[in-house]
Participant: 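Pasting a structure here, questions to come.
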Amino acid sequence: MDLITKESGQLGKNASLQACEDSVDALLEFLEQAKANVTDKQYMAQVHTMYTSQVAPQIIQTPNDVHKAISRYGKALDRTFKLNVNSAASSIVQIASDNDDSKEAVESREELNRAVAVHLLRLGEFDTANIFLGESATKLPPLLVEQFELLYDILRSMGERNLQPAIDWASTHQRFLDCRGSDLEFQLRELQFKMLLSQRDTSAALAYARTHFQRYQRHYLKEISQLVTSILYSYTGNSPYEKTGGEVSGDDHAVALKTVQQTLIKEFCTLLGLSSESPLVQAVSSGTVALPILAKMGGIMKTKRTEWTSSNELPVEIDLPPEFQFHSVFVCPVSKEQTTDSNPPLMLPCGHILAHDTLKAMSKDSDRYRFKCHYCPEETTFPHTRRVYF
Ligand SMILES: [Zn+2]
């Protein structure tokens, strides 16, 4: 039995676990038999001999085999993934200890606590969030908690095939949704219509379409035409609009419901000024991607006894998948430095963009000094530059 080698790993594990299960089954059967004949003294003597000579050694041996294999597996994992997580952290990130009472450390702790609490709210774990808020003495705006409770009430109702609370929410925030070009309200109405139609309640579906689809004619006329025409096919089952209406199964509804729920969560979070994905999950996931590189770098720094002193900057590039990239970066074409909050990109009246520090140097740190743009002949002064947001 060998748990470690790739080829026989799965097989080995199954065989030893199976042997373990079999021996326990055999023991159970043996005990059942013994129980049935417990009054027969002669038989009980036989049972005792059999137990000590055959059954006991077997049930001791098989778990031993499993245990050995598991410990070997752990060692093999350690050998394969030589990752020292501590080396990743110590050389690059200054982690404030719990005893650090500096303003910065206290603020970062509070910020982390808030991130954890909001993450719990996003998961709908309200009890856990409350306990966490109490224990960590963290405060969140009460409105935020209420809003997440409302969101989960709406999602729960949707799960029970009651779309009305979601439709009410979308109607209340119609202006906001329209400004964002969101089709949430139409998605909800469409699903409601399909649900009515799948209950073979054609007159209710038609009435629903008449009452509620008018508002969306401008943008969704094609979809509305297909939905309404699908009523005609609702009894024949061969609707050419199967994807849009007509004959849909419960599973299709479940899929559509999930999509609408995701849209709702996204819009709801945007209205609260939050990202639709939890920043904590994003941070941990991107950190996991970066960890092997950081650990390797930490190792190299330790052996070469070098240190990287630039703050908020890494000496290596870490490629993150596109889903973790949120902002375009801007590198000043003169200083070749990436712009930051403290050294932001500024636009000159001619439209060329340079970094704040570059322009400060070009203007000789004076508001009156006229300087020429690096890329065109136009002259300007520092107060005429404007901050640019990407
Ligand atoms: Zn210019």
Side-chain angles (χ1 to χ4, degrees), residues 91-94 103-104 107-108 111-112 114-115 173 175-183 218-219 263 266-267 269-287 289-291 293-294 296-297 300-301 306-390:
S91 57
I92 305 146
V93 191
Q94 294 295 321
K103 194 172 162 244
E104 215 171 48
E107 275 176 6
S108 0
E111 204 166 318
L112 181 62
R114 276 198 299 274
H173 298 95
R175 269 182 73 90
F176 162 78
L177 294 170
D178 283 349
C179 284
R180 282 177 49 76
S182 166
D183 63 349
R218 233 180 96 201
H219 295 296
T263 316
K266 197 171 148 219
E267 298 302 342
C269 288
T270 309
L271 186 68
L272 293 176
L274 300 170
S275 57
S276 53
E277 297 285 336
S278 162
L280 201 63
V281 171
Q282 297 278 351
V284 172
S285 316
S286 52
V289 176
L291 195 63
I293 303 166
L294 295 179
K296 193 175 172 189
M297 200 181 79
I300 293 171
M301 281 180 173
T306 51
E307 271 191 31
W308 183 255
T309 45
S310 299
S311 58
N312 298 326
E313 204 180 287
L314 289 170
V316 281
E317 267 188 35
I318 295 173
D319 270 335
L320 289 178
E323 62 266 30
F324 294 118
Q325 294 173 14
F326 298 96
H327 302 288
S328 321
V329 290
F330 178 76
V331 176
C332 173
V334 176
S335 67
K336 311 285 181 221
E337 276 176 4
Q338 192 174 316
T339 50
T340 58
D341 275 348
S342 56
N343 181 25
L346 301 177
M347 187 165 73
L348 300 161
C350 56
H352 287 115
I353 300 172
L354 298 172
H356 174 274
D357 292 357
T358 311
L359 286 166
K360 272 282 173 202
M362 284 167 73
S363 65
K364 300 201 190 300
D365 213 359
S366 153
D367 280 355
R368 296 220 197 119
Y369 184 79
R370 291 188 72 79
F371 58 93
K372 223 198 246 178
C373 166
H374 204 275
Y375 291 94
C376 68
E378 200 165 318
E379 278 189 5
T380 188
T381 56
F382 189 80
H384 284 98
T385 60
R386 286 280 168 274
R387 167 95 195 246
V388 182
Y389 295 89
F390 290 101

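Ligands are counted one by one from 1 in listed order, and the atoms in each one are counted from 1 as well.
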Participant: Give a yes or no on this: more than 12 heavy atoms of other residues, nucleotides or ligands lie within 6.0 Å of atom CZ of Arg368.
Facilitator: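 It does not: Arg368 CZ has 12 such atoms or fewer within range.
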Participant: Judged by atom type as modelled, is there a donor-acceptor pair below 3.5 Å linking the side chain of Asp357 to the main-chain atoms of Asn343?
Facilitator: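 Checked: no pair found.
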Participant: Near the Zn ion (ligand 1), which protein N/O/S atoms are found at less than 2.8 Å?
Facilitator: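 Correct list: Cys350 SG, His352 ND1, Cys373 SG, Cys376 SG.
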Participant: Within the distance-only criterion (no hydrogens, no angle test), does the side chain of Ser335 pair as donor or acceptor with the backbone N or O of Thr358 below 3.5 angstrom?
Facilitator: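 Not at all, since once roles are kept as given, no pair shorter than 3.5 Å links the two residues.
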Participant: When you look at NZ of Lys360, are more than 12 heavy atoms from neighbouring residues, nucleotides or ligands closer to it than 6.0 Å?
Facilitator: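 More than 12 heavy atoms, drawn from other residues, nucleotides or ligands, come within 6.0 Å of this atom.
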Participant: Under 6.0 Å from the CD atom of Glu111, do we count more than 12 heavy atoms belonging to anything else shown?
Facilitator: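 It does not: Glu111 CD has 12 such atoms or fewer within range.
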Participant: May I ask you to check whether over 12 heavy atoms, not counting those of His352, lie within 6.0 Å of atom NE2?
Facilitator: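 Atom NE2 in His352 is packed in, count exceeds 12.
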